[in-house]
Amino acid sequence: MHRWSQLFIPTLREAPADAEVASHKFLVRAGYVRQLAAGIYSYLFLGQRSFHKIMNIVREEMDKIGQEFFLPALHPREVWEASGRWTVMGDNMFRLKDRKGADLCLGMTHEEIMTEIARKELRSYKQLPQIWYQIQTKFRDEPRPKSGLLRVRQFTMKDAYSFDIDAAGLDVSYQKHRKVYCDIFERCGLKYVVIDAHSGAMGGSQSEEFMVRTPAGEDLVVSCEKCGYAANMEKATSKLAPVEELPAEGDGKPFEVHTPGMASIADIAAFFKMSPKNDIKTVAYMAQKPSEDGSKTLEVPVIAFLRGDHMVNETKLLTLVKGSELRPMQAEELEKYFQGPAGYLGPIGLVPAAKEQLGTWPDAKKQAPQNPRVVQVILDFGLEGRQNMVCGANKLDYHFKNVTPGRDFQWTVAADIRNVEAGEACPKCGTGLRIDTAVEIGHIFKLGYKYSESMGARVLDKNGKEVTPIMGSYGIGIERILTAAIEQSNDENGFWLPPSIAPFAIVVTPTNVSDENLLKTAEKIAQDLEKAGFDVLLDDRDERPGVKFKDADLVGIPYRVTVGKKVTEGTVEVVLRSTRTMQDVSISAIVEHFQKVLSPSR
RNA sequence: CGGGGCGUAGCGCAGCCUGGUAGCGCACCUGCCUUGGGCGCAGGGGGUCGUAGGUUCAAAUCCUAUCGCCCCGACCA
């Protein structure tokens with residue numbers, strides 16, 4: 001039996017000053033974790049117990065569809081070079097050298113290692129499909145670790161990989177994971193949503209994220225309460241309400257207006273007494289990506305135009321142009337492409353690339369020298385069909401009026417490159433969309449052929465023909481399940497976890513251990529409950545009741561049995577932490593009581 | 001990477017401006033007391049003031065460098 005007096009549960013009355021989010025404060029205060037360095041934590045007794053429960057649930061469910069492996073966390077450079085990600089991962093990957101000077105890295109994820117096994121071992125379609133998973137420590141050198149266990153540099157992940165002979169098979173594997181993930185999060189007692197996710201520039205065809213809404217989250221979820229549409233910010237779209245156009249002025253053609261010092265959209269809208277919706281916003285970037293061999297960075301100019309009140313979504317833009325990074329243009333670059341200064345930029349006079357050149361990079365097209373002023377011009381869908389707008393004239397202190405896209409300027413491609421805003425119409429049913437911050441706890445992803453192809457995995461199909469297996473990858477953040485659960489259920493005194501993932505389901509608290517009768521009764525109750533399969537903690541510390549109650553409220557245990565005065569009447573109190581509701585239960589019926597409200601942990 | 005803040009006892013903080021033997025609350029230890037919401041009294045232990053260098057008779061305090069941690073930003077030209 002676990003006796004509190006003998007355990008190391010270092011609870012704190014005060015949270016560390018640098019803890020911001022609830023889960024961080026309480027994980028530290030409740031003695032679950034201690035910080036070792038930025039984004040690196042030690043898990044103490046209670047924390048580890050909770051993680052074990054979570055991992056067991058994950059394991060039990062995953063075993064229904066796959067096989068558990070355990071791969072190295074330390075990887076040789078070569079494996080990552082084979083997939084091309086040695087360079088792609090950049091500073092996010094921890095790298096080190098062994099004594100011989102050979103390059104190694106700490107695994108951020110294990111597509112490469114799993115594919116390496118598949119490449120060496122899988123020979124025939126008869127061996128497919130395969131689903132392999134592991135629960136492993138991952139290392140990511142986050143630019144900015146934060147929010148306690150939410151964004152860290154070392155964490156535990158369940159990652160799974162599927163290998164199928166064809167897309168139909170992948171779909172089956174994908175759906176199996178989707179089902180199992182729902183079961184896992186259900187068992188963990190989380191309220192979650194499944195959303196459409198951005199599947200990256202790498203040709204993934206389908207991807208969904210499992211999100212828990214919480215203010216502590218860093219991801220944005222766009223959702224419709226009416227029809228169930230849900231997507232992340234990188235993927236979400238909306239229907240735009242029509243905009244009232246400005247009347248054409250003069251001969252209807254663009255003309256310059258002197259706008260001294262009006263360098264922002266707010267200034268211009270005020271100056272012309274119009275809505276920012278009638279303005280064309282210019283956003284100018286240099287898109288970057290590493291060259292094939294990783295030896296240098298390739299750059300192309302990318303210029304986006306959006307409605308004045310819209311915000312560009314850099315991920316959408318980056319995906320569109322197939323780049324890996326964006327940086328704002330500098331003054332000389334603005335001068336080169338626009339021949340005008342910041343604050344007065346506009347589309348008229350630009351040299352847009354042809355549609356076929358979208359996402360092409362200079363190195364690849366060396367043989368076809370082009371006009372150095374050519375840029376990729378991206379028009380947001382929100383500007384299509386608009387007329388008589390205002391934009392910068394590419395000339396200090398001047399703007400154009402009467403600008404109509406398509407008539408007065410052209411573009412490389414029109415696309416959705418903006419952020420949806422709360423209240424805009426749902427793309428499916430037209431209801432107002434809501435936007436919430438959320439934490440990503442799981443992600444399922446049809447990878448396609450990226451790794452199997454680049455790393456040379458091949459099997460023979462029925463006809464004896466060599467084919468490349470198609471892959472999926474599927475992740476669950478173990479720590480994030482706990483943090484999300486805490487974010488979801490806490491108050492000023494502490495938090496309460498779903499019994500399935502709490503370190504203990506029940507804490508038995510004798511109010512006074514120097515009272516022999518109370519202590520003996522409490523021990524008996526704890527023993528009986530334990531025998532019945534419940535995880536029980538006996539708070540046998542020689543402390544005042546107030547101290548024990550405060551600690552019990554703090555540490556996340558969902559039920560408390562208070563053994564106090566009423567034992568003389570043969571009853572104890574059962575307290576439900578979440579609602580603070582209290583109920584007298586006769587000692588003889590205590591096991592039965594919990595058998596009704598809880599399922600045994602063992 | 002850019003900007004800001006903070007490093008003083010396990011935790012939370014004061015002291016620094018104006019240099020002169022390092023303090024408070026909680027926690028911890030001992031004893032007494034108390035026992036239904038972080039109780040009371042008495043006594044006690046614990047700190048290279050992040051690190052290194054400099055200025056000075058004297059540095060937690062002033063200067064320089066460095067390390068660490070936290071927050072904001074890295075879309076709206």
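First the proteins, then the strands, lettered A, B, ... as listed; each starts at 1.
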> Taking a pair as Watson-Crick or G-U wobble with both distances under 3.5 Å, which nucleotide is matched to B:G47?
Replying inline: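 When the pairing criteria are applied, nothing turns out to pair with B:G47, so the answer is none.
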
> Across all strands shown, which nucleotide pairs with B:C62 by Watson-Crick or G-U wobble geometry, both distances under 3.5 Å?
Replying inline: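 Because both required distances fall under 3.5 Å, B:C62 counts as paired with B:G54.
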
>> Between A:R13 and B:G12, is there a contact of a side-chain N or O with OP1 or OP2 at under 4.0 Å?
In response: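 Answer no for this pair, as no side-chain N or O of A:R13 is under 4.0 Å from OP1 or OP2.
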
> Using a cut-off of less than 4.0 Å, is there contact between a side-chain N or O of A:Q35 and OP1 or OP2 of B:C70?
Replying inline: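 A:Q35 to B:C70 OP1/OP2: side-chain N or O found under 4.0 Å.
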
> Would you call A:K316-A:D416 a salt bridge at under 4.0 Å N-O?
Replying inline: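 So A:K316 pairs with A:D416 through a salt bridge.
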
> Mind checking whether A:M93 and A:W86 have side chains closer than 4.5 Å, heavy atoms only?
Replying inline: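 Side-chain contact under 4.5 Å: yes.
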
For the side chain of [X], counting heavy atoms from C-beta on, which of [options] is nearest?
{"X": "A:F549", "options": "B:G12, B:C69, B:G37", "answer": "B:G37"}
{"X": "A:R544", "options": "B:C75, B:C39, B:G38", "answer": "B:C39"}
{"X": "A:A17", "options": "B:A77, B:G12, B:C69", "answer": "B:G12"}

> Atom CZ of A:R307 and atom P of B:C75: how far apart are they, to the nearest Å?
Replying inline: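 A:R307 atom CZ is separated from B:C75 atom P by 22 Å.
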
>> I need the CH2-P distance between A:W4 and B:G38, as an integer number of Å.
In response: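 Atom-to-atom, A:W4 to B:G38, this comes out as 16 Å.
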
> Looking for any heavy atom pair under 4.0 Å, which part of the strands does A:D515 touch: base, sugar-phosphate only, or nothing?
Replying inline: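 Nothing, no heavy atom under 4.0 Å.
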
>> Students often get this wrong, so: under 4.0 angstrom with heavy atoms, is A:E573 touching a base, only sugar-phosphate, or nothing?
In response: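 Base, at least one base heavy atom under 4.0 Å.
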
> Taking N and O atoms by type only, does the side chain of A:R29 place a donor or acceptor under 3.5 Å from a partner on the base of B:G10?
Replying inline: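 Counting by modelled atom types and ignoring angles, no donor-acceptor contact under 3.5 Å is found here.
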
>> Suppose we call a contact any N or O donor and acceptor under 3.5 Å apart; does that hold for the side chain of A:N512 and the base of B:G36?
In response: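 Looking at the base of B:G36, it does not pair with any donor or acceptor on the side chain of A:N512 (distance under 3.5 Å).
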
>> Classify the ring geometry of A:F495 against A:F26: parallel below 30°, tilted from 30° to 60°, perpendicular beyond 60°.
In response: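 Tilted: the ring planes of A:F495 and A:F26 meet at 30° to 60°.
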
> Looking at A:W80, is A:R95 sitting on its ring face, NZ or CZ under 6.0 Å from the six-membered ring centre and within 45 degrees of the normal?
Replying inline: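 Judged by the rule (NZ or CZ under 6.0 Å from the ring centre, within 45° of its axis), A:R95 is not positioned above A:W80.
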
